[in-house]
Amino acid sequence: MMKDNQFSLSDHDEATNNIEFALSKKVEYLNQLREAIKQQDDRLVYQLINQSRYAQLLLKKRSVSEMAVQEELVVKDYPQIQQYLSLKLISYLRDAYPFFYFEEMTVGKFKIHFGNWWDRKEFGYLDVLNVEFKFDEEELAKLAKSFELESTNKRVNTDKINQISTQNKERQELVDSQDERDAEKDKIREEMKRNSQEKGRPWDAGRIREERRVLKERLTKLTEMDEEANSAYQDIKSSETDVLSLAKEDTLIGYERQSVIGVFGDFEKFTKHNNELYSNYLSHLISQKGQVTE
Amino acid sequence: MAEKEKKLISTKSRLVEFNEQIKLSLNNGIKFTETLDILMNTQDKVELIDAAMSLMGYQLDTSYLTFPQKYSAADYCLLFFNRLMDLHDNETAILHFSEPRKALVHEIPGINAVDSFSFKIDDSDGAYYVAQESGASLFYLNLRKRMIRINSSAITNVLIVSYLEKLDAKAIKHLEMMLIDFATYLKEDYGFSVDLNLLDSGNPARYELAEDMLKRDVIDELFVLASENELMVEAGANNSAVLKLANSEITIYDQKQMGENDNEKWVIAVMDTTQEISWFDILLNEPFIRNWYLNNISELSIKSDPLIFK
């Protein structure tokens with residue numbers, strides 16, 4: 001009697017089959033991944049950890065196999081997987097991008113240094129799992145700009161440096177003309193004295209007042225210039241530091257540009273190779289494997 | 001009577017005493033000339049340095065006998081310098097009696113148009129080798145303490161700044177080699193303690209900056225200048241800066257970061273396969289590095305033995 005009031009349960013056998021099937025799929029996935037790693041088959045590892053990326057970028061297909069749902073099983077293992085994958089990837093990148101230097105920050109995470117020169121820039125990160133550069137946008141933009149400026153024979157900071165140089169020239173002139181200003185101030189003070197002693201007729205009062213106003217204005221202007229001249233020396237010194245850091249950046253970018261030209265020919269080809277890094281690298285792995293088995 | 005006799009005896013003894021003192025003084029003079037003979041003529045290196053030390057401290061005059069014509073301790077020291085070079089068949093400098101100064105000076109072919117050299121004795125039997133025009137001491141020599149110390153700032157100011165304006169690098173290199181040779185003979189013949197400082201061309205030589213810290217700006221400037229000269233300052237290990245030249249490699253680094261010292265201490269090192277190139281040679285032969293060094297001399301000046309050169 002009571003039994004009839006019970007909800008009917010799903011079929012236990014079916015449930016058993018379902019979970020068994022689901023787990024066996026997982027085991028199958030993990031076995032496959034483990035075997036790929038054991039065989040040092042990085043191409044397969046890349047395929048297994050991100051099927052859709054592999055299909056899209058390498059096979060140029062949208063279809064994703066059922067295994068894709070298992071990928072999340074290894075999310076927590078990403079650092080170790082990255083570390084594993086980094087060996088071959090970085091050795092490939094060292095050939096393809098001889099001007100990039102990779103520094104492992106934490107397990108599987110790599111910082112990119114551009115060049116082997118003094119104070120080379122940190123240029124972003126390497127995303128090992130996605131075989132992708134995460135460049136520092138600001139630095140990349142500066143490098144791009146240096147290519148744009150190629151035809152004008154200018155460097156990225158040329159205008160800024162010229163502007164500071166012009167400013168410094170003016171500052172120097174201000175310092176150099178101190179004697180002239182002192183002489184002129186003496187002259188104005190003389191004239192002011194004469195002006196204050198002038199006893200004109202009533203209708204001259206306006207003219208005298210106006211004269212005095214003009215003299216006072218000129219004196220104020222000269223005093224202001226004196227003050228500027230006083231700080232000019234310090235300004236010149238500190239702007240020399242600015243010029244140095246701008247010139248240094250130009251030098252850095254110049255080396256970066258030469259490196260890109262040396263390897264890729266121009267900025268467009270460099271960018272294209274960066275954008276297609278995933279498929280370039282995996283194709284490379286495939287071609288290498290072909291060589292090995294042959 | 002007794003009084004008169006006493007007087008006679010005392011007069012006689014005074015004469016005897018006087019005669020004895022003259023003899024002693026003459027003997028003292030004879031011994032002096034014998035020692036000077038040795039200094040001028042001996043072929044034995046030990047005799048040579050002993051004679052020099054003896055003459056440098058020689059009391060030739062006595063209250064009974066004085067010699068109006070004399071040479072000074074500085075002259076004997078210079079004579080020793082020359083004789084030691086002679087014994088090694090190295091005749092770089094010419095010993096010359098300077099009439100106006102009434103003293104011996106060194107004249108060095110190629111340099112003699114602008115400068116001459118002599119020693120200046122200090123109060124602890126040391127001698128400074130002084131460039132006459134500037135009065136700068138190129139090195140310190142102490143025969144008794146068996147030591148020689150090169151003065152980096154005088155070498156820089158005199159040889160690099162002053163001479164290079166008027167003379168060609170070859171003549172200056174000649175002078176550099178003479179100083180190195182002299183120091184080397186002192187070391188090999190007498191076991192002197194030698195600090196060649198910026199003249200040391202050995203690869204292990206570290207040219208210590210007088211200031212422990214070094215601002216990055218200073219290296220930035222070299223980086224930019226090198227690039228303008230078609231060269232590259234590279235990033236070396238542990239924050240060091242490396243500049244490769246045609247025949248040598250310069251490294252500027254902090255010994256603490258390199259694990260060579262407990263405290264921050266910036267040094268310059270110059271490496272080359274034959275170990276013939278010193279920091280001095282770099283300054284002499286690489287104009288842009290010289291300009292960089294001199295422009296930043298307050299930051300970059302190389303330390304000399306602080307006990308001697310303050």
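Bear in mind the structure is a predicted one, so any value in this text is a computation, not a measurement. Within every chain, numbering begins at 1; the chains are lettered A, B, ... in the order of the sequence lines, protein sequences first and strands thereafter.
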Enclosure of Asp77(A) CG (heavy-atom neighbours >12, cutoff 6.0 Å): yes
Per-residue contact mode, Ser245(A) against chain B (heavy atom under 4.5 angstrom): neither
Over 12 non-hydrogen atoms of neighbours within 6.0 angstrom of NZ in Lys173(B): yes
Audit row: Phe223(B), Asp119(A), side chain to side chain contact (heavy atoms under 4.5 Å, CB included) steps and yes/no: CA-CA 9 Å; Phe223(B) 173 69; Asp119(A) 231 10; over 6 Å; no
Side chain proximity check, Trp118(A) to Ile219(B), heavy atoms < 4.5 angstrom: yes
Contacting region of Tyr101(A) [heavy-atom separation from chain B under 4.5 Å]: neither
Over 12 non-hydrogen atoms of neighbours within 6.0 angstrom of OH in Tyr78(A): yes
Residue selection (most heavy-atom pairs with chain A, distance under 4.5 Å) from Asp220(B), Val224(B), Val233(B): Asp220(B)
Over 12 non-hydrogen atoms of neighbours within 6.0 angstrom of CE in Met213(B): no
Flag if over 12 foreign heavy atoms under 6.0 Å of NZ, Lys185(A): yes
Top contributor to chain B contacts, counting heavy-atom pairs under 4.5 Å, from Asp250(A), Thr241(A), Leu252(A): Leu252(A)
Taking every non-hydrogen atom, the tightest pair across Leu244(A) and Glu221(B): CD1-CA, 3.6 Å
Within 6.0 angstrom of Lys142(A) NZ, more than 12 heavy atoms from elsewhere: yes
